[in-house]
Student: 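If you scroll down you'll find the structure; I have some questions about it.
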Amino acid sequence: MPSEHELFQQRLDKRARLLEAGDPYPARVRRTHTTAEAIAAFVASGEAEGAVEVSVVGRVTAQRMMGKAAFLDVRDATGRIQLHFRRDALANYEDLSLVDLGDFLEVTGTLFRTRTGEVTVAATAWRVITKTLLPLPDQWAGLKDPETRARQRYLDLLANERSMTIATQRAQIVSAVRRFFLNRGFLEVETPVLQDQAGGAAARPFTTHHNALDRDFFLRISLELHLKRLLVGGFEKVFEVGRVFRNEGVSFRHNPEFTLLESYEAYADYEDVARMVEALISGVALEVLGGTNLVHADSPDVSLAPPFARTTYRAALIEHAGIDYRDYPTTEALAALAHDRRVPIAEGASWGTILDALMSTFVEPKLIQPTFIFDYPTALSPLAKKKVDDPDTVERFELFALGYEIANAYSELNDPVDQRARMVEQAAKRAEGDDEAESMDEDFLIALEHGMPPAGGLGIGIDRLVQLLTGEHSLREVLLFPALRERPRDGTNIEGTPPEGQ
RNA sequence: GGGCCCGUAGCUCAGCGGUAGAGCAGUGGACUUUUAAUCCAUCGGUCCUCGGUUCGAAUCCGAGCGGGCUCACCA
């Protein structure tokens, strides 16, 4: 074919010729029926040929030109309909030569059924309502290149029905989650993205700069510490669905920004939260997918019907790895164990980090069916309340399914003295170079000192939840616009003119 | 960041040391119920980039850029 430049030029020329007859980009169009409604109306009318007049709009997906007549297909969000153009019925029939695949048309006509049985609009008037300058992906070959699919998601959505389905289901999942909390009397709130301290999770934050204040801010890595301040302020049930940012590697399961749900309920504990999580996840699955059994091609079948399996952190590690972490109380002992088990450990990793590595290696991949892991080591959970009878363990659980973490929850630590001590400890680790340790957040501590009621808190990675429910293995598939490396643009047509020289 | 794999026409892909190919899309023509319309003709390429080996490189080698998978870290 002509080079991309020539294709572009041909379409620019067509645009110019269309402009002579009218505006190929009108602000207002006539649409009496969607494509699906038009077909339904024809069927409902008893299929009297010529009796139902409609105006439909949509993008041209196929052209079958036959000289003095032509069939085109247009598609809108509801489906597709065939159009029949006859030279003897249309004053501007010849302008069809200015129409390319991908252009948007407005077509008025009456409905009939062709002899091959397809409901079709016999056009009595038509015009271009958006001229397209670049070709869309080939209708039959489709668009497969993963990079183009991610970088130009609009093309992916047009070419791959599955992408549209995932994006739609994601939106429905988020709506269903919101509805779940609102129905339970939670208030949806918004907290700052730009923060003095990025706390509430173990992760490296992004930094940014405020020019007028001439100071740096961190982008939040969690929602936790601000939502808890609201409990101090008298709210009893709050939640937020928000984007958080973590300055870490990009992979099929990590994006630098992702969507986090967090909820806090005063006077509840982590057992209450666990029951709520079962109701939430099974309820959302029921609402969005129509059932709690997940059957996806590339992943094992999963049942999200409550109750979910339960075990404890210690029991799970003993069961799946034969390791009782209480036998390895020092960093040295645990590091030696990790080495024996061929679990790679970063230089200078803390006891908690090593333990987490063992857990990730030996236990998490085995948790295919939804499973709660209760009672985490205190060292891993600086914001969770200790168990009354065991100060080395906190009232915390995580929910796993398909081998990855779905939810994280605890009975919130509300003893300001204990919280201060643990933050001091974290800050010390930080000073030793652990840049994922919690930083001191004096404002948060002062809030706690004013009294935060006992509360159960929950965090759910929405992207992971969407992965679970859609059966998508890659995070990139459930994000409309995943982070990618910067690619130098070749500059095609930014200015409406393609680059010189193909 | 490490390992493995990939990069050829707008799209989907062949070719893998000897003149750069196919289908679709485009352009011109025929065709008034086609539907992956059909038929005839035709245009179209820094074979990712740079360097090397060779009489000769899309093909072999090295480096770089981009991508995919995977490991590490995390959600």
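Order of the sequence lines sets the chain letters (A, B, ...), proteins ahead of strands, with each chain counted from 1.
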Student: Please tell me which of the listed nucleotides, B:U32, B:C69, B:G66, lies nearest to the side chain of A:Ser474?
Tutor: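 The answer is B:C69.
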Student: With the side chain of A:Lys68 defined as its heavy atoms from C-beta on, choose the nearest nucleotide among B:U34, B:C31, B:C69.
Tutor: B:C31
Student: With the side chain of A:Lys144 defined as its heavy atoms from C-beta on, choose the nearest nucleotide among B:U34, B:U27, B:C13.
Tutor: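 From the listed options, B:C13 comes nearest.
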Student: Can you list everything that forms a ring-ring contact (aromatic ring centres under 6.0 Å, His included) with A:Phe308? Sequence neighbours excluded, please.
Tutor: A:Phe372
Student: Does A:Gln63 have a side-chain nitrogen or oxygen under 4.0 Å from the phosphate oxygens OP1 or OP2 of B:G26?
Tutor: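 Checking B:G26 against A:Gln63, a side-chain N or O does come within under 4.0 Å of OP1 or OP2.
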Student: To the nearest angstrom, how far is A:Asn160 atom CG from B:U12 atom C1'?
Tutor: 12 Å
Student: Taking atom C1' in both B:G66 and B:U8, compute the distance separating them and give it to the nearest angstrom.
Tutor: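 The same atom, C1', in both gives a distance of 16 Å.
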Student: Classify the nucleic acid contact of A:Phe85 as base, sugar-phosphate or nothing, counting any heavy atom under 4.0 Å across all strands shown.
Tutor: nothing
Student: Which whole number of Å gives the distance between the P atom of B:C61 and that of B:U53?
Tutor: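 After rounding to an integer number of Å, I get 15 Å for this pair.
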Student: Could you tell me how far B:G21 sits from B:A9 if I compare only their C1' atoms? Round to whole Å.
Tutor: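 So the two C1' atoms sit 10 Å from each other.
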Student: Write down the partner of B:U53 under the Watson-Crick or G-U wobble criteria, each distance required to be under 3.5 Å.
Tutor: none
Student: Check the side chains of A:Arg59 and A:Thr130 for a donor-acceptor pair under 3.5 angstrom, ignoring hydrogens and angles.
Tutor: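 Note: A:Thr130 and A:Arg59 side chains miss the donor-acceptor criterion.
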Student: Side chain of A:Leu143 only, heavy atoms from C-beta on: which candidate in B:C69, B:U27, B:U12 is closest?
Tutor: B:U12
Student: What integer distance in Å separates A:Met359:CE from B:C73:C1'?
Tutor: 17 Å
Student: Of the listed nucleotides (B:U33, B:G26, B:A37), which one gets closest to any side-chain atom of A:Arg64?
Tutor: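 Closest nucleotide to the A:Arg64 side chain: B:A37.
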Student: Atom CZ of A:Arg64 and atom CD of A:Gln82: how far apart are they, to the nearest 0.5 Å?
Tutor: 5.0 Å
Student: Please report the distance separating the C1' of B:A63 from the corresponding atom of B:C11, rounded so that it comes out in whole Å.
Tutor: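 After rounding to an integer number of Å, I get 31 Å for this pair.
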Student: Can you check the distance between B:G18 and B:G23, where both ends of the measurement are the P atom (answer in whole Å)?
Tutor: 23 Å
Student: Checking A:Arg153 against A:Phe481: charged group under 6.0 Å from the ring centre and within 45 degrees of the axis?
Tutor: no
Student: Can you check the distance between B:C13 and B:G29, where both ends of the measurement are the P atom (answer in whole Å)?
Tutor: 33 Å
Student: If you measure from the Lys or Arg side-chain nitrogens to the Asp or Glu carboxylate oxygens, is any gap between A:Glu364 and A:Lys366 under 4.0 Å?
Tutor: no
Student: For A:Asn408, answer base if it contacts any base atom (sugar-phosphate contacts may also be present), sugar-phosphate if it contacts only those atoms, and nothing otherwise; contact means non-hydrogen atoms under 4.0 Å.
Tutor: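 Nothing, no nucleic acid heavy atom in range.
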Student: Among the nucleotides B:A25, B:U12, B:U27, which one has an atom lying closest to any side-chain atom of A:Gln10?
Tutor: B:U27
Student: Using a 4.0 Å heavy-atom cut-off across all strands, classify A:Gly461 as base, sugar-phosphate, or nothing.
Tutor: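 It contacts nothing in the nucleic acid.
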Student: Taking the P atom in each of B:G64 and B:A72, what is the distance between them to the nearest angstrom?
Tutor: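 Rounded to whole Å, the distance is 25 Å.
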Student: Measuring to OP1 and OP2 of B:C73, would you say a side-chain N or O of A:Arg204 lies under 4.0 angstrom away?
Tutor: no
Student: How far apart are the closest heavy atoms of A:Ser222 and A:Leu260, and which atoms are they?
Tutor: CA-CD2, 4.0 Å
